[in-house]
Amino acid sequence: MTDTGKTPSSGQYAFPRTQGTDVIVIGAGLAGLLAAAKAVRAGAKVRLIAQGWGQQIVTPGWISVCDRADDDVIAEVRGFAALHPDHPYALAGDDAVVRGLASFCRLAEEIGEPYEQRTKDGHNLRLITMLGAIQTPLAAPQGIAHGDLTGFSESLLLVGFNGWRDFYPEMAAGNLQQQGINARAIRVDLPAGARGWDLYPAELALLLDQVDARNMIIHQIKPHLSGVDKIGFPAVLGMDQHLEALSHLSEQLGRPCFEIPTLPPSLSGTRLSQKLRGWLLRRRARVQIGHPVLRGIMQERRCVGVEVGALGHNNIFHADHVILATGGLYNGGIQSDETGRLWEPVFNLPVMAPPGEGRSGWYEDRLLHEQGHPIHRLVGLRVDSCMRPLDASGAPMLENVYAVGHLLAGFNPLTDGCAEGIALATAYKAIATALGLKKI
Ligand SMILES: Cc1cc2nc3c(=O)[nH]c(=O)nc-3n(C[C@H](O)[C@H](O)[C@H](O)COP(=O)(O)OP(=O)(O)OC[C@H]3O[C@@H](n4cnc5c(N)ncnc54)[C@H](O)[C@@H]3O)c2cc1C
């Protein structure tokens, strides 16, 4: 038995091999979570191992599939993929884009965190950011999706909290007005018992799980409702009782209420992560958050297991298939140092890098370059249409390892507005291929 990564640590304990198809998913971002859930649904025994939660716990929570599409998003993806054969969408195929998103939305509904999209015409939503800009993802958590401004020409009220640092309704309303949207702002007092300025969003959300706290806010907003058609709040409307909080506020205020993403952390991403963990555990998947995978254990071109770091002694887990969903440079999936070296730490897979010596080719001259910087847009793993990582000659390196999500080369995560769609499409494709599922 040989290995690619680091040298074995002392005191490992190899868990006995379990019966049946085993899938190890490395990473608990959108890609890893969807891959794990899809494998569980297909009847596989699954172990998800992650150093920490993925980027969803700091993002706005929505799903960007192709933000720049003005019309039908999937038609735009299809056209774009036809022109860019190395883009992850082209490799995964448009079927995987559609099914990956549908699979995610079904799962989100099942765990009680429903996502919504404009099913009527397949266009992007038009959603408000905390700065009062408009972003155009395809799907969003229900509370955020209710803020869709498509065809909205009426009047918005944005509500913030006195003395709270994470949302500035006047700024958001001012910027919306400059875009011709009729918006004004008010602030209300925080619910009784809340710490002021540095109250964490999760603490505020837990307070707003309580009917009394919501009533206190409703009472303060009611005098300001004249001429208001829709009411936006920072995305802290409840943690465990989120949907109840949303409908309670909408009913009592007599207008649709919606959420605007705040500064990180993201509560919708936190709720999604926790509930997906529960869903996986109830289906007897193993979920280890807080553990790094140190290396793949190889037998020729097959990965037969992984070594996982833990206090005391490292553990070895065996599997038939491994999904590498480690998130690229932002989350440890690709690492770098001051010499400009870039490497993939688990399997030592080849990493596409910007041209030039050391770090000389990493950055453009201007900070806000329209294309972003080469270090963001040119770094990643190349894969084939089965999501298997390729070697320098373009041949698949390993038979049963699949790389997915932000880890991949071939797209610009900062400007393409499709990173979340890629996470879902490639995770879907990898599991469908690994498990030989017909529906792809
Ligand atoms: C603030 C912010 C806003 C964003 N907004 C948008 C947007 O509007 N539109 C858009 O398209 N994209 C956006 N993105 C990017 C997008 O959210 C991500 O590309 C996508 O969520 C990545 O998902 P992923 O599952 O591939 O990776 P990640 O979410 O990065 O997950 C990687 C996982 O791998 C784990 N991991 C890494 N190495 C190891 C290891 N050795 N062992 C075990 N675990 C490991 C990590 O702990 C983590 O769980 C945003 C990102 C951020 C941070």
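Note that ligands are numbered from 1 as they come in the structure, with each ligand's atoms numbered from 1 the same way. We number each residue from 1, following the sequence as shown.
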**Study point:** Residue-ligand contact Pro292/ligand 1, heavy atom below 4.0 Å
**Key:** yes
Look at [atom] and find which of [options] reaches it with the closest heavy atom.
{"atom": "atom 41 (N) of ligand 1", "options": "Leu34, Val293, Val25, Thr129", "value": "Val293"}
{"atom": "atom 50 (C) of ligand 1", "options": "Val306, Thr59, Thr136", "value": "Thr59"}
{"atom": "atom 47 (O) of ligand 1", "options": "Gly52, Gly269, Cys418", "value": "Gly52"}
{"atom": "atom 28 (P) of ligand 1", "options": "Asn331, Leu424, Leu263, Ile49", "value": "Asn331"}

N-O pairing of [X] and [Y] below 4.0 Å:
{"X": "Lys275", "Y": "Glu110", "result": "no"}
{"X": "Glu170", "Y": "Arg187", "result": "yes"}
{"X": "Asp22", "Y": "Lys45", "result": "no"}
{"X": "Arg388", "Y": "Glu399", "result": "no"}

[X] heavy atoms, cut-off 4.0 Å: which ligand 1 atoms fall inside?
{"X": "Gly405", "answer": "26 (O)"}
{"X": "Gly332", "answer": "38 (N)"}
{"X": "His291", "answer": "43 (C)"}
{"X": "Ala50", "answer": "43 (C), 44 (N), 49 (O)"}
{"X": "Ser64", "answer": "7 (C), 8 (O), 9 (N), 10 (C), 11 (O)"}
{"X": "Ala28", "answer": "33 (C), 48 (C), 49 (O)"}
{"X": "Trp53", "answer": "48 (C), 49 (O)"}

For the 3.5 Å polar cut-off, considering only N or O atoms, please tell me whether [X] and ligand 1 meet it.
{"X": "Asp67", "value": "no"}
{"X": "Ala31", "value": "yes"}
{"X": "Ala419", "value": "yes"}
{"X": "Leu30", "value": "yes"}

Just by modelled atom types, is the Thr262 backbone N or O under 3.5 Å from a matching donor or acceptor in the Asp166 side chain? no
State whether the side chain of Tyr89 and the backbone N or O of Asp86 hold a donor-acceptor pair below 3.5 Å, judged by distance alone.
-> no
Under 4.0 Å, heavy-atom basis, I'd like to know which part of [X] is in contact with ligand 1: side chain, backbone, both or neither.
{"X": "Ala325", "answer": "backbone"}
{"X": "Tyr330", "answer": "neither"}
{"X": "Gln135", "answer": "neither"}
{"X": "Ile26", "answer": "side chain"}

What protein heavy atom sits nearest [atom], and how far off is it?
{"atom": "atom 1 (C) of ligand 1", "result": "Val58 O, 3.7 Å"}
{"atom": "atom 26 (O) of ligand 1", "result": "His406 N, 2.8 Å"}
{"atom": "atom 8 (O) of ligand 1", "result": "Trp62 NE1, 3.2 Å"}
{"atom": "atom 43 (C) of ligand 1", "result": "Gln51 N, 3.3 Å"}
{"atom": "atom 27 (O) of ligand 1", "result": "Gly327 CA, 3.4 Å"}
{"atom": "atom 10 (C) of ligand 1", "result": "Glu420 OE1, 3.3 Å"}
{"atom": "atom 39 (C) of ligand 1", "result": "Thr326 CG2, 3.6 Å"}
{"atom": "atom 21 (O) of ligand 1", "result": "Gln55 CB, 4.0 Å"}

Would you tell me whether Arg377 and Gln371 have side-chain atoms, one donor and one acceptor, within less than 3.5 Å of each other? no
Where [X] and [Y] come nearest, the two heavy atoms and their spacing:
{"X": "Tyr402", "Y": "Pro389", "result": "CA-CD, 4.4 Å"}
{"X": "Ala44", "Y": "Leu435", "result": "CB-CD1, 4.1 Å"}
{"X": "Leu107", "Y": "Leu34", "result": "CD2-CD1, 4.4 Å"}
{"X": "Val97", "Y": "Ala425", "result": "CA-CB, 3.7 Å"}

[atom1]-[atom2] distance between [X] and [Y], expressed to the nearest 0.5 angstrom:
{"X": "Glu370", "Y": "Thr415", "atom1": "CD", "atom2": "OG1", "result": "10.0 Å"}
{"X": "Tyr115", "Y": "Trp62", "atom1": "OH", "atom2": "CH2", "result": "11.0 Å"}
{"X": "Leu127", "Y": "Ile134", "atom1": "CG", "atom2": "CD1", "result": "8.0 Å"}

Residue pair Arg78, Asp94: steps toward the salt bridge (Lys or Arg N to Asp or Glu O under 4.0 Å) verdict
CA-CA 6 Å; Arg78 227 170 253 142; Asp94 48 19; 2.6 Å; yes
Given the options Ser273, Ser266, Ser268, Gln56 meets side-chain hydrogen bond (donor to acceptor under 3.5 Å, both in side chains) only with Ser273
